[in-house]
Number of protein chains: 2
Amino acid sequence: MSVNEAPSRPARVNPEAWANAVRAAWHAGGLRATEPRLRVLKTITRYAAPFTAEQLYTDLLAAAGERPGRATVYRTLEQLHGAGWLARIHTQGGEAGYAPSFPGHLHHLVCTSCGIVIAFEGCALDELLERLAAQTSFAIEGHLLQLYGRCAACRKR
Amino acid sequence: MSVNEAPSRPARVNPEAWANAVRAAWHAGGLRATEPRLRVLKTITRYAAPFTAEQLYTDLLAAAGERPGRATVYRTLEQLHGAGWLARIHTQGGEAGYAPSFPGHLHHLVCTSCGIVIAFEGCALDELLERLAAQTSFAIEGHLLQLYGRCAACRKR
DNA sequence: ATACCTGCAAACAATTTGCACAAAC
DNA sequence: GTTTGTGCAAATTGTTTGCAGGTAT
């Protein structure tokens with residue numbers, strides 16, 4: 001896979017590749033690479049597990065140097081999520097967080113122990129969708145799929 | 001299907017059957033069928049689409065007669081959700097709401113136009129899960145699956 | 001009688017907004 | 001220079017909590 005593309009095999013998102021892709025997309029879309037936004041990006045790349053807006057904001061406050069305002073953090077997250085660079089991850093317990101992702105049709109496998117997120121393509125739902133379309137007369141147009149499990153590292157412990 | 005069970009074919013949850021099942025479960029679990037709780041139950045059965053806690057509370061305030069306190073509404077919802085009588089439904093837009101459901105392994109198909117919810121069993125994910133387990137070395141232990149589409153009635157319009 | 005449950009009101013948490021100023025292109 | 005973005009602080013909105021008193025069984 002190239003550094004600017006989503007993985008075709010199940011894999012963690014590479015933080016550097018992700019940040020580069022976001023910067024490229026910002027530039028292409030006429031969005032400015034400001035200091036606060038770059039700080040947000042950098043902090044996100046350090047998370048191993050899904051994070052919340054408030055957690056990110058708190059971590060930015062704790063960091064050295066200029067601290068972005070809360071509004072900027074929320075606005076940046078909104079932009080990234082809207083453009084597909086952040087996926088909303090729902091834990092089994094019901095809390096929601098963001099994880100780096102790529103635009104397009106991807107799903108996520110989340111470790112219930114350490115929180116690492118694996119993105120994958122190919123959800124193999126065709127048969128199910130056909131069966132349900134036939135049984136319900138719905139025109140099915142989308143879906144939400146997320147998997148939970150324990151990653152190899154956590155299982156060893 | 002009996003009036004107290006989840007549908008084995010894809011179907012809307014029958015409101016009366018659902019309310020009866022909840023009352024039976026409350027009784028079996030030693031929970032009391034109080035006036036406020038019954039009002040909550042009754043109001044829920046009138047929704048055609050997923051609802052939020054605040055929406056439910058507002059509707060209860062608008063109704064005639066005794067009005068439950070906000071805390072009671074939230075606590076009742078928490079109980080119902082925890083016991084599996086309410087499913088958390090995530091819309092495509094990202095908002096969350098509750099919809100009547102049954103305990104056990106069910107998934108939901110939501111109309112993006114009118115919001116009606118169809119519950120179904122059988123998610124046919126076995127092959128996908130095996131493939132991913134092999135590719136990632138995760139021990140997969142659960143999943144979140146929801147489908148979106150337009151129901152027959154909405155398609156006619 | 002005795003758990004269990006309720007309502008209130010305050011605390012808490014999360015997110016959004018308006019607007020004057022600042023920075024990027 | 002103009003457009004786009006930022007920070008602040010207040011306003012919203014959503015949810016939880018402690019506790020004195022009420023109610024179902």
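Order of the sequence lines fixes the chain letters, A, B, ..., with proteins taken first and strands second; residue numbering starts at 1 for each chain.
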>> Using a 4.0 Å heavy-atom cut-off to protein, can you give one letter per nucleotide of nucleotides 17-25 of chain C, 5' to 3': B if the base is in contact, S if only the sugar-phosphate is, - if neither?
In response: BB----BBS
> B/Leu128 and A/Gly122: which non-hydrogen atoms are nearest, and at how many Å?
Replying inline: CD1-O, 3.4 Å
>> Judged by each residue's nearest nucleotide on DNA chain D, which is more toward the 5′ side, B/Ala53 or A/Thr72?
In response: A/Thr72
> Does A/Arg9 make a cation-pi contact with A/Phe120 (under 6.0 Å, within 45 degrees of the axis)?
Replying inline: no
> When you check the phosphate oxygens OP1 and OP2 of C/dT16, does a side-chain N or O of A/Tyr74 lie under 4.0 Å from one of them?
Replying inline: no
> What pairs with B/Gln55 under side-chain hydrogen bond (donor to acceptor under 3.5 Å, both in side chains), at least two apart in sequence or on another chain?
Replying inline: none
> Base, sugar-phosphate alone, or nothing: which one does B/Arg39 contact when heavy atoms must sit under 4.0 Å apart?
Replying inline: nothing
> chain A on DNA chain D: first and last contacting nucleotide, 5' to 3', under 4.0 Å to a heavy atom?
Replying inline: D/dT3 to D/dC8
>> Using heavy-atom distances to pick each residue's nearest nucleotide on DNA chain D, tell me which of A/Arg37 and B/Arg70 is more 5'.
In response: A/Arg37
>> Could you measure the distance from the CH2 atom of A/Trp26 to the OG1 atom of A/Thr34? Nearest 0.5 Å is fine.
In response: 7.0 Å
> Centroid-to-centroid, A/His108 to A/His90, below 6.0 Å?
Replying inline: no
>> Check for me whether the distance between the ring centres of A/His107 and B/His143 falls short of 6.0 Å.
In response: no
